Amino acid sequence: MNLTIFRNYDALSAFTADEMIRLLQTKPDAVICMASGSTPKDCCRYFVQKVLSEKIDISQFFFVGLDEWVGLPPALPGSCHYDFKTRLFDPLKMPPTQYHLFNGMATDLQSECKKMDSVITEKGGIDLMIVGIGMNGHIGFNEPGVDFNLLSHVIDLDETTITVGLKKYFTEPVTLKKGITLGLGTLMAAKKVILMASGLTKANVIQQAVEGPITNTFPASIIQQHPEGKIWVDEDAASKVVKK
Ligand code: GLP
């Protein structure tokens with residue numbers, strides 16, 4: 001595992017977008033999985049800008065969504081689906097054959113999990129996973145206490161996740177109870193993982209992810225065990241890390 005500290009959110013976002021481009025230039029049919037939420041927003045913006053301005057061929061690229069709130073319609077602003085559609089699929093005109101997301105409205109969520117796992121297997125696994133970190137140390141919706149070996153699964157959301165989620169992502173009233181997410185077993189099987197974080201609010205959780213014990217009570221600590229696990233943060237998010 002290694003920590004890279006960028007000057008600010010903009011530098012972090014531009015470099016991460018370049019990492020996606022570099023991968024697609026060496027492996028045009030790469031499978032990239034990404035989190036939604038605030039952190040990867042500008043990385044998506046830079047990625048789209050570069051793909052369009054440099055006319056990079058992304059016709060073989062395949063995208064996988066990390067997680068989704070259960071019970072929310074895909075068109076609802078704040079849903080993960082909405083983030084990916086507005087940030088990537090629409091601006092890049094990506095057809096549905098080039099991505100797979102969890103359907104949080106599915107009546108059979110178990111088969112939704114199985115479908116996701118088989119899509120990933122059929123595509124040959126995930127080449128690059130770009131994830132964020134929650135205020136309780138979650139990755140995707142792998143909440144504290146999660147089994148490190150799980151693949152896709154449905155999980156009861158932690159109180160912190162519900163409180164932060166309601167405040168941060170939704171402008172209209174929604175009920176957040178469960179999440180559907182790729183598991184940490186999937187993360188460990190990915191060829192490379194980048195955990196991105198920015199801002200002072202993430203300083204404590206980044207210190208714990210980088211320097212704390214590896215434990216499922218703080219799921220993001222698993223990144224220390226990944227042979228290609230990287231933590232890319234800005235100076236504010238790194239401000240509490242002791243050994244820089
Ligand atoms: C959310 C999502 C994660 C996301 C994390 C951090 O609840 N489930 O996939 O990475 O929390 O989000 P943000 O980047 O908005 O801080």
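The analysis underlying the following values was restricted to heavy atoms, covering all of them including side chains, and did not include hydrogens, waters or symmetry mates. Nothing fancy with the numbering, it's 1 onward along the sequence. One-based numbering, in listed order, for ligands and for the atoms of each. Treat the numbers as computed from the prediction; the structure is a model and nothing was measured.
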>> What I want to find out is whether Lys192 reaches Glu19 closely enough, with some N-O distance under 4.0 Å, to be called a salt bridge.
In response: yes
> Is Arg87 close enough and on-axis enough to Tyr99, meaning under 6.0 Å and within 45°, for cation-pi?
Replying inline: no
>> For Trp232, run the side-chain contact (heavy atoms from CB on, under 4.5 Å) check against Ile5, Leu3, Thr16 and tell me which one passes.
In response: Thr16
With a cut-off of 3.5 Å and sequence neighbours excluded, list every side-chain donor-acceptor pair involving residues 60-73.
from  : atom 1 : to    : atom 2 : distance (Å)
Glu68 : OE1    : Cys80 : N      : 3.0
Glu68 : OE2    : Cys80 : N      : 3.4
Glu68 : OE2    : His81 : N      : 2.9

Could you list the donor-acceptor pairs under 3.5 angstrom formed by side chains in residues 118-131, with sequence neighbours left out?
from   : atom 1 : to     : atom 2 : distance (Å)
Ser118 : OG     : Lys114 : O      : 2.9
Ser118 : OG     : Lys115 : O      : 3.2
Thr121 : OG1    : Asp117 : O      : 2.9
Asp127 : OD1    : Lys27  : NZ     : 2.8
Asp127 : OD1    : Lys191 : NZ     : 3.4
Asp127 : OD2    : Lys27  : NZ     : 3.2
Asp127 : OD2    : Val31  : N      : 2.8

What are the atom names and distances for all N or O pairs under 3.5 Å between ligand 1 and the protein?
from     : atom 1 : to     : atom 2 : distance (Å)
ligand 1 : 7 (O)  : His138 : NE2    : 3.3
ligand 1 : 8 (N)  : Asp67  : OD2    : 2.8
ligand 1 : 8 (N)  : Gly140 : O      : 3.1
ligand 1 : 9 (O)  : Asp67  : OD2    : 2.9
ligand 1 : 11 (O) : His138 : NE2    : 3.0
ligand 1 : 12 (O) : Tyr169 : OH     : 2.9
ligand 1 : 14 (O) : Ser38  : N      : 3.4
ligand 1 : 14 (O) : Thr39  : N      : 3.0
ligand 1 : 14 (O) : Thr39  : OG1    : 2.4
ligand 1 : 15 (O) : Ser38  : N      : 2.8
ligand 1 : 15 (O) : Ser38  : OG     : 3.1
ligand 1 : 15 (O) : Lys168 : NZ     : 2.9
ligand 1 : 15 (O) : Tyr169 : OH     : 2.5
ligand 1 : 16 (O) : Lys168 : NZ     : 2.7
ligand 1 : 16 (O) : Lys202 : NZ     : 2.6

> Taking ILVMFWY side chains as joined if any heavy atoms are under 4.5 angstrom apart, and letting links pass through other members, which residues group with Val164?
Replying inline: Met135
